[in-house]
Amino acid sequence: MEEQRALLDERFPEAIEGKKKEESKRLEDLPGVSGPVRMRLAPSPSGPMHIGQSRMAILNDEYVKRYGGTLFLRIEDTNPENIDPDAYDMIPEDLEWLGVEVHETVIQSDRFELYYEYAAKLLEMGHAYICTCPADEWRALKNKGVACPHRDEAPEVQIERWEEMLGGEYGEGEAVYVVKTDLNHPNPAIRDWPAFRIVDRPHPRTGDRYRVYPLMNFSVAVDDHELGLTHVLRGKDHLNNTHRQMYLYEYFGWEKPVYIHYGWVRMKDTVLKTSLIKKGIREGLYTGWDDPRLGTLRALAKRGISPQAIRRYWVEVGLKEVDIEFSWENLYAYNREIVDPVAKRLFFVPNPVEVRVSGSPEMRAAPPLHPSHPEWGAREYTMPPEFSVYVPADEWNALNPGDIIRLKDLCNVRKTANGAEYAGNDLSVLKRGVRIIQWAPAESPPATLVYPDGSEVKGKVEPFTRRCIGEVVQFERIGFARLWDEGGIRAYFAHR
RNA sequence: GCUCCGGUGGUGUAGCCCGGCCAAGCAUUUCGGCCUUUCGAGCCGACGACCCGGGUUCAAAUCCCGGCCGGAGCACCA
């Protein structure tokens, strides 16, 4: 694929750039930009990235590239119960594939001391407390707008309890660090929120060195400030979190970044949920993170969906707060535009039937590798007299004896009672409505075409296919697919 | 239930802030036609939308009110 890309760049730079310019819409300008921007991607390391998550990556990258500045990758691994150690490597790999340029990476589990420092300060200022009530009691009180007994105790007492919490005096669930906001806030989601909790489970990176873990709202706010972010792009599911975090900004007197909340993306028929995928892989339902049925970037890459198409898609979608329906059709259309000019044409014969053609002379077939680029050459096959070919069974069986059909770029044949006979090479029969089908020579290797729904179709591919492993090709009359050698040729279908 | 968002063709989006140039633009899909030894690409054309109801105004997709519909959050997850 990389080679194809290079080829395209070299020979037809205008094919990429020109099109992009005239057809791509420009992303809306970011409000409040004065000078370089500082933005972030903040995935949690629970698995590789999926198409949904690529939105924030692409959009952040687009803006940092437009305005100049710094893009941080911040791995949010403050919940030891939801970490896949492999994700620390998979996420950067996925970002690189997407063409997202990360300037600096920070990992939150390296920064516990920093969070603790701010936590202590906040206690001293009287804006937080350690609560040792049972969780449900505390929550019930809060929902009624009532302070729990610990809320109003003096900062010295709070500090002391905090030290005890850090020192291991409490077990899981026995103490929690809560940030005070406003108990009478009309939105109960905004009222006092927990900022640190105790977890005994070892962390994949820090082991059992820490047991007091910051919750997302605290670590995110501290890091957003520490990294000097100017703009934060986040899903609107974080709207309330933004409100919560604003209290920290107020208490500490920090300058606030510009927040932009974008809507949800509904994705029908696509498995995105990391936990479900993981379960599926474990149980053998999926072949791996790149199973073609999944919405992971790895799965899309395997099928030959290009990162450029994904970028184009998200740029078109933009940053509105409305929820949207993800459109595979639109993504495929963009991908087709990118892949069509570079994909070699090949014949795949699904459910093949072998047909003997009698009465033919020796022939040379040379179907072009690409109809728009004759200079790329052709796939060349010499057909002996009386040759055999594979053709699609359903199309062949639909013919009646005496019917003529054209083998593309080879010759015409007439169906007979038990085979076929040569019927000349006159192209004018096409005007009379003779159909053209693809074919594969007798010595063709088998191949399997794997569809995104997981179904597979067995067939034959012309021998040239062996030389295209790794590439995205177009099987004529079928569609685009990417070729892999997995102990036999397997083609993963992208789209028509 | 409470709090907060939002509603432009099948899908996505432009316009809405600063009412008229919007009898609504673009992309994609679908359907025709041309071209083509692929049912791909390309070219040409067509269908298709301002959630509803009031109000303000000479004039509303754009402003105001009400309703309806959709979504998010209300975790010691992120």
Side-chain angles (χ1 to χ4, degrees), chain A residues 22-28 42-46 76-79 81-83 108 131 133-136 138-139 142-143 172-178 185-191 193-199 212-217 219-220 234-244 261 263-266 274 312-334 336-337 339-341 343 345-347 367-368 370-372 406-412 425-431 434-438 474-480 495-496:
Chain A
E22 69 179 56
E23 286 174 19
S24 279
K25 117 179 208 238
R26 182 182 159 88
L27 211 48
E28 202 175 335
S44 62
S46 53
E76 307 207 327
D77 56 348
T78 54
N79 178 7
E81 312 192 349
N82 184 32
I83 296 174
Q108 289 194 312
C131 175
C133 300
D136 45 349
W138 172 80
R139 201 178 309 121
K142 181 181 83 152
N143 288 340
E172 264 189 22
E174 289 176 6
V176 63
Y177 176 114
V178 180
H185 193 106
N187 184 352
I190 310 297
R191 296 176 196 161
W193 45 269
F196 288 87
R197 62 168 177 164
I198 294 165
V199 181
V212 175
Y213 287 84
L215 271 334
M216 173 264 180
N217 277 301
S219 48
V220 162
R234 51 185 359 188
K236 74 176 187 184
D237 48 322
H238 285 295
L239 230 26
N240 284 332
N241 290 323
T242 302
H243 292 305
R244 289 183 180 129
H261 298 91
W264 268 64
V265 181
R266 280 185 300 276
T274 310
R312 165 101 185 271
Y313 182 84
W314 289 126
V315 168
E316 293 278 348
V317 164
L319 265 179
K320 295 215 309 185
E321 205 175 308
V322 277
D323 297 339
I324 59 163
E325 186 74 49
F326 184 82
S327 166
W328 287 104
E329 290 215 318
N330 285 13
L331 177 65
Y332 293 159
Y334 301 146
R336 190 178 299 119
E337 208 169 86
V339 133
D340 181 78
R345 269 51 177 175
L346 294 172
F347 291 151
H370 191 116
S372 314
R406 175 154 185 91
L407 304 178
K408 186 170 187 284
D409 295 303
L410 179 58
C411 67
N412 307 332
N425 205 353
D426 181 6
L427 278 176
S428 67
V429 299
L430 298 177
K431 301 262 193 288
V434 166
R435 287 166 53 84
I436 304 172
I437 57 172
Q438 76 276 30
Q474 188 202 51
F475 285 143
E476 297 199 38
R477 309 210 306 143
I478 293 173
F480 296 91
H495 49 76
R496 287 197 61 88

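Every chain is numbered from 1, with letters handed out A, B, ... down the list of sequences. No hydrogens, no waters, no symmetry mates; every other heavy atom, side chains included, goes into these values.
Nucleotide B/rC34 has B/rG42 as its partner under the Watson-Crick or G-U criteria, with both atom distances under 3.5 Å. Nucleotide B/rU3 forms a Watson-Crick or G-U wobble pair with B/rA72, both donor-acceptor distances falling under 3.5 Å. Taking a pair to require two hydrogen-bonding distances under 3.5 Å in either a Watson-Crick or a G-U wobble arrangement, B/rC63 pairs with B/rG55. Checking B/rC26 for Watson-Crick or G-U wobble geometry (two distances, each under 3.5 Å) identifies B/rG12 as its partner.
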N/O to N/O distances under 3.5 Å, protein versus nucleotides 8-12 of chain B:
residue, atom, partner, partner atom, Å
B/rU11, O2, A/Asn330, ND2, 3.2
B/rG12, OP1, A/Glu325, N, 2.8

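Residue contacts for A/His243: at a heavy-atom cut-off of 4.0 Å it reaches no nucleic acid atom on any strand shown. Using a 4.0 Å heavy-atom criterion, one finds that A/Thr78 contacts the sugar-phosphate atoms exclusively. Across all strands, A/Arg345 comes closer than 4.0 Å to base atoms (heavy-atom distances). Within the nucleic acid shown, A/Tyr213 has no heavy atom closer than 4.0 Å to any nucleic acid atom. Nucleic acid contact for A/Arg435: base, since at least one base atom lies under 4.0 Å from a heavy atom of the residue. Using a 4.0 Å heavy-atom criterion, one finds that A/Pro371 contacts the bases of the nucleic acid, with or without backbone contacts as well. Using a 4.0 Å heavy-atom cutoff across all strands shown, A/Ala333 reaches sugar-phosphate atoms only and no base atom. Contacts of A/Asn217 with the nucleic acid, taken as non-hydrogen atoms under 4.0 Å apart, are absent. Looking at heavy-atom distances under 4.0 Å, A/Trp193 makes no contact with the nucleic acid at all. Across all strands, A/Cys133 comes closer than 4.0 Å to base atoms (heavy-atom distances).
Each of A/Leu239 and A/Asp136 has a nearest nucleotide on RNA chain B; the 5'-most of these lies closest to A/Leu239.
In this view, A/Glu325 and A/Arg266, A/Lys268 satisfy the side chain to side chain contact (heavy atoms under 4.5 Å, CB included) rule, not counting sequence neighbours. Listed by chain and residue number, A/Asp323 satisfy the salt bridge (Lys or Arg N to Asp or Glu O under 4.0 Å) test with A/Lys236 (two or more places apart in sequence, or in another chain). Residues passing the salt bridge (Lys or Arg N to Asp or Glu O under 4.0 Å) test with A/Arg345, sequence neighbours excluded: A/Asp340. Listed by chain and residue number, A/Tyr313, A/Trp314, A/Trp328 satisfy the ring pair (Phe, Tyr, Trp, His ring centres under 6.0 Å) test with A/Phe326 (two or more places apart in sequence, or in another chain). Remark: A/Asp426 pairs with no residue by the salt bridge (Lys or Arg N to Asp or Glu O under 4.0 Å) rule, at least two apart or across chains.
Comparing the same atom, P, in B/rC65 and in B/rU56 gives a spacing of 15 Å after rounding to whole Å. Distance check on atom P: B/rG15 versus B/rG25 gives 15 Å, rounded to whole Å.
Using a cutoff of 4.0 Å between basic side-chain nitrogens and carboxylate oxygens, A/Arg312 and A/Glu337 are scored as salt-bridged.
Here the straight-line distance linking atom NE2 of A/His261 with atom NE2 of A/His238 works out to 8.0 Å at 0.5 Å rounding.
Straight-line distance from the CG atom of A/Leu215 to the P atom of B/rA78: 5 Å, rounded to whole Å. Atom pair A/Asn82:CG and B/rC77:P shows a separation of 11 Å (rounding to whole Å applied).
A side-chain donor from one of A/Asn425 and A/Arg406 sits under 3.5 Å from a side-chain acceptor of the other.
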